[in-house]
2 protein chains.
Amino acid sequence: MSKPSFEEGLLQYVEELKDESEMTEKQRNILRASIKLFAEKGFHASSTSEIAKEAGVAEGTIFRHYKSKKDILLAVVAPVLLKVAAPFILKDVREIFKEESKKPFTEVMTQLYRNRLELVTANEKHVRIMLQEAFFHDEIREALIASVFADVKEMARKLIEAKVDVGELRPLPTQAVFRAVLSSMIGLVLFRQVLDPDEFGNYSDEEQIALSVDILMNGIANRE
Amino acid sequence: MSKPSFEEGLLQYVEELKDESEMTEKQRNILRASIKLFAEKGFHASSTSEIAKEAGVAEGTIFRHYKSKKDILLAVVAPVLLKVAAPFILKDVREIFKEESKKPFTEVMTQLYRNRLELVTANEKHVRIMLQEAFFHDEIREALIASVFADVKEMARKLIEAKVDVGELRPLPTQAVFRAVLSSMIGLVLFRQVLDPDEFGNYSDEEQIALSVDILMNGIANRE
DNA sequence: ACAAAAAGCGAGTGATCACTCACTTTTACT
DNA sequence: AGTAAAAGTGAGTGATCACTCGCTTTTTGT
């Protein structure tokens with residue numbers, strides 16, 4: 001599992017801006033600067049004067065190309081989300097899901113949980129900022145759902161239905177199974193990072209993952 | 001299950017401010033106004049001039065009593081959280097958990113999920129603002145965890161351990177079971193309200209709850 | 001009753017913000 | 001080369017913000 005950072009992906013994308021479109025160099029600089037600052041400190045915390053400074057451009061130039069600050073955000077978020085964030089978030093998931101039929105579902109889940117825990121740990125700041133922005137701006141939330149959630153849902157759907165067909169999973173509504181999987185994963189991250197890091201530490205990450213997967217697969221009820 | 005709104009609780013608390021402490025009437029008005037505005041629009045969106053206006057007080061008076069705007073927040077949040085929000089959030093949970101030994105765990109969970117779904121639906125705005133503030137201010141997040149999460153965790157611990165003792169639940173680490181329960185609940189709410197409301201609507205709330213409880217109890221794996 | 005302290009006041013301060021506009025420079029087209 | 005359009009500029013605008021300060025009013029203790 002390779003580990004190119006989100007930052008690298010961003011920088012690379014920013015360089016690629018050079019080749020395409022009929023943008024002025026200055027306009028590209030504005031986008032570059034905005035991407036950098038928004039990713040670093042979020043939208044609200046980045047002022048237009050900062051963006052201008054970072055871009056080496058007069059503040060008036062910004063508003064020559066974008067009619068408002070929010071306009072920059074929208075111009076920046078869609079392509080970045082689609083070309084950098086979504087691929088970055090989904091890359092490993094796609095690999096893990098690829099060999100669906102070979103591995104037992106339990107193993108796929110274990111790998112997935114381990115991988116997601118790593119991803120969130122390594123990119124805590126960016127995750128935080130993304131959630132924050134998704135919280136505030138409907139457009140970003142919807143774009144995130146459309147570009148990331150929709151994909152992962154489709155991938156999961158295929159895997160889950162295949163596993164139901166071979167009798168490895170119960171024939172429940174796919175949507176409910178997907179929800180259970182994602183909920184369990186979100187809960188794992190949430191408990192470790194936010195809600196209860198102390199008690200979480202009573203077991204190693206591997207043990208916690210094993211517990212989560214065990215419960216996801218077999219439930220918490222005792223079978224008489 | 002009674003339904004006093006969060007708003008009512010807030011207003012009642014605000015009235016009770018009258019009786020206690022050595023506060024000036026104006027100072028109480030400032031707290032009242034702050035509580036109202038913060039609950040309505042959040043901390044950042046409420047300006048000190050607004051608070052002053054709402055409180056019927058000069059802006060200078062605010063800073064006579066509180067050395068900064070954040071100071072008001074901290075003075076307001078701890079007691080409100082402890083005396084209004086936490087009881088409000090936990091009230092029904094406590095009732096549902098009360099008759100622990102009588103009802104099967106499945107039934108308790110079903111009631112709990114149903115109740116939480118109702119609570120979030122009926123108080124969407126306040127939930128949103130609380131999460132938003134918890135996101136931004138470490139102090140609030142920690143206060144929420146200490147006053148709400150800690151309580152619910154303790155209540156759940158007792159119930160879970162009792163149910164493990166009578167053989168209704170598997171002898172897993174309590175903490176992992178609690179995480180599974182809470183994750184499933186958060187997931188239910190998250191999918192319905194944010195992530196996938198369309199597909200969620202394919203089943204009724206009751207059906208979705210039943211599915212979540214079923215999976216929580218029995219897992220998603222097929223038992224050969 | 002009187003003075004000191006506390007409470008209250010509101011115009012004012014300086015900072016920052018997104019955004020504008022009159023103007024200059026560069027680019028593109030003929 | 002000449003010109004019109006596009007790009008770029010930066011001082012300026014008005015709004016808003018949290019917060020201050022010199023002053024007046026009210027409360028308190030004796």
Side-chain angles (χ1 to χ4, degrees), chain A residues 14 17-77 129 132-133 136-140, chain B residues 14 17-77 129 132-133 136-140:
Chain A
V14 152
L17 280 176
K18 218 161 257 167
D19 312 324
E20 40 180 324
S21 81
E22 305 161 337
M23 275 185 190
T24 314
E25 177 61 24
K26 304 251 172 185
Q27 189 171 354
R28 254 178 275 123
N29 285 344
I30 292 168
L31 286 189
R32 256 194 275 265
S34 301
I35 291 169
K36 188 183 165 204
L37 288 174
F38 291 169
E40 235 165 48
K41 347 192 291 170
F43 177 74
H44 271 108
S46 310
S47 68
T48 49
S49 74
E50 267 180 305
I51 294 172
K53 201 189 202 176
E54 172 78 29
V57 142
E59 212 170 334
T61 308
I62 292 178
F63 293 95
R64 169 88 39 204
H65 295 289
Y66 304 96
K67 68 177 205 289
S68 70
K69 189 187 161 194
K70 179 127 191 186
D71 227 45
I72 311 175
L73 181 69
L74 300 185
V76 141
V77 153
I129 284 177
Q132 198 182 106
E133 302 303 336
F136 270 103
H137 306 280
D138 296 355
E139 306 94 338
I140 294 186
Chain B
V14 151
L17 279 176
K18 217 160 256 166
D19 312 323
E20 40 180 323
S21 80
E22 306 161 336
M23 273 183 190
T24 313
E25 177 59 25
K26 304 253 171 181
Q27 188 171 355
R28 252 177 277 124
N29 284 344
I30 292 167
L31 286 189
R32 256 193 276 265
S34 301
I35 290 169
K36 188 184 165 201
L37 288 174
F38 290 169
E40 235 165 48
K41 345 193 292 170
F43 177 74
H44 271 107
S46 310
S47 68
T48 48
S49 74
E50 267 180 305
I51 294 171
K53 202 188 200 177
E54 172 77 29
V57 142
E59 213 170 333
T61 309
I62 292 179
F63 293 96
R64 169 89 39 207
H65 296 290
Y66 304 95
K67 68 177 205 288
S68 71
K69 189 187 161 195
K70 179 124 190 188
D71 227 46
I72 311 176
L73 181 69
L74 300 186
V76 142
V77 153
I129 283 177
Q132 198 181 106
E133 302 303 339
F136 269 103
H137 305 279
D138 296 355
E139 306 92 338
I140 294 186

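To find a chain, count down the sequence lines: A is the first, B the second, and so on, and within it residues start at 1.
- If you take CD1 of B:Ile62 and C1' of C:dG10, they are 12 Å apart, rounded to a whole angstrom.
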Distances under 3.5 Å between protein N/O atoms and the N/O atoms of nucleotides 16-19 of chain C, please, pair by pair.
from   : atom 1 : to      : atom 2 : distance (Å)
C:dA18 : OP1    : A:Lys69 : NZ     : 2.8
C:dA18 : OP2    : A:Thr48 : N      : 2.8
C:dA18 : OP2    : A:Thr48 : OG1    : 2.9
C:dC19 : OP2    : A:Lys69 : N      : 2.6
C:dC19 : N4     : A:Glu59 : OE2    : 3.3

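- Two residues are said to be in side-chain contact when any heavy atoms from C-beta on lie closer than 4.5 Å; B:Ile72 and B:Phe43 fail this criterion.
- Shown for residues 31-38 of chain A: no residue has heavy atoms falling under 4.0 angstrom of DNA chain C.
- Between B:His65 and the phosphate of C:dG8, there is a side-chain N or O to OP1/OP2 separation shorter than 4.0 Å.
- Separation of atoms CD1 (B:Ile51) and CG (B:Asn29) is listed at 12.5 Å; rounding is to 0.5 Å.
- Rounded to an integer number of Å, the gap from CG of B:Asn29 to C1' of C:dG8 is 13 Å.
- The interatomic distance linking A:Ile30 (CD1) with D:dA7 (C1') rounds to 10 Å, in whole Å.
- Each of D:dG10, C:dG8, D:dA7 was ranked by its minimum atom distance to the side chain of A:Ala58; first place goes to D:dG10.
- You'll find the side chain of B:Val77 stays beyond 4.5 Å of the side chain of B:Glu139, heavy atoms only.
- Scanning for side-chain contact (heavy atoms from CB on, under 4.5 Å) contacts around A:Lys67 gives A:Asp71, with sequence neighbours left out.
- Rounded to an integer number of Å, the gap from B:Arg64 CZ to D:dG22 P is 12 Å.
- In this structure, A:Thr61 reaches the bases: a heavy-atom distance under 4.0 Å links it to at least one base atom across the strands shown.
- With rounding to whole Å, B:Lys53 atom NZ is found 14 Å from C:dG10 atom P.
- A perpendicular orientation is assigned to the rings of A:Phe136 and B:Phe136, their planes being inclined by more than 60° (bins at 30° and 60°).
- When rounded to the nearest whole Å, the span between NZ of B:Lys26 and C1' of C:dA6 equals 14 Å.
- The side-chain heavy atoms of B:Met23 and B:Leu31, taken from C-beta on, include a pair separated by under 4.5 Å.
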Checklist entry - Can B:Glu50 and B:Lys53 be said to form a salt bridge (charged side-chain N to carboxylate O under 4.0 Å, His left out), step by step? => result CA-CA 5 Å; B:Glu50 267 180 305; B:Lys53 202 188 200 177; over 6 Å; no

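- At least one side-chain heavy atom of A:Ile129 sits under 4.5 Å from a side-chain heavy atom of A:Glu133.
- As a whole-Å value, the separation of B:Gln27 CD from D:dT27 P is 15 Å.
- Looking at A:His65 and A:Lys26, their side chains never bring a donor and an acceptor atom within 3.5 Å of each other.
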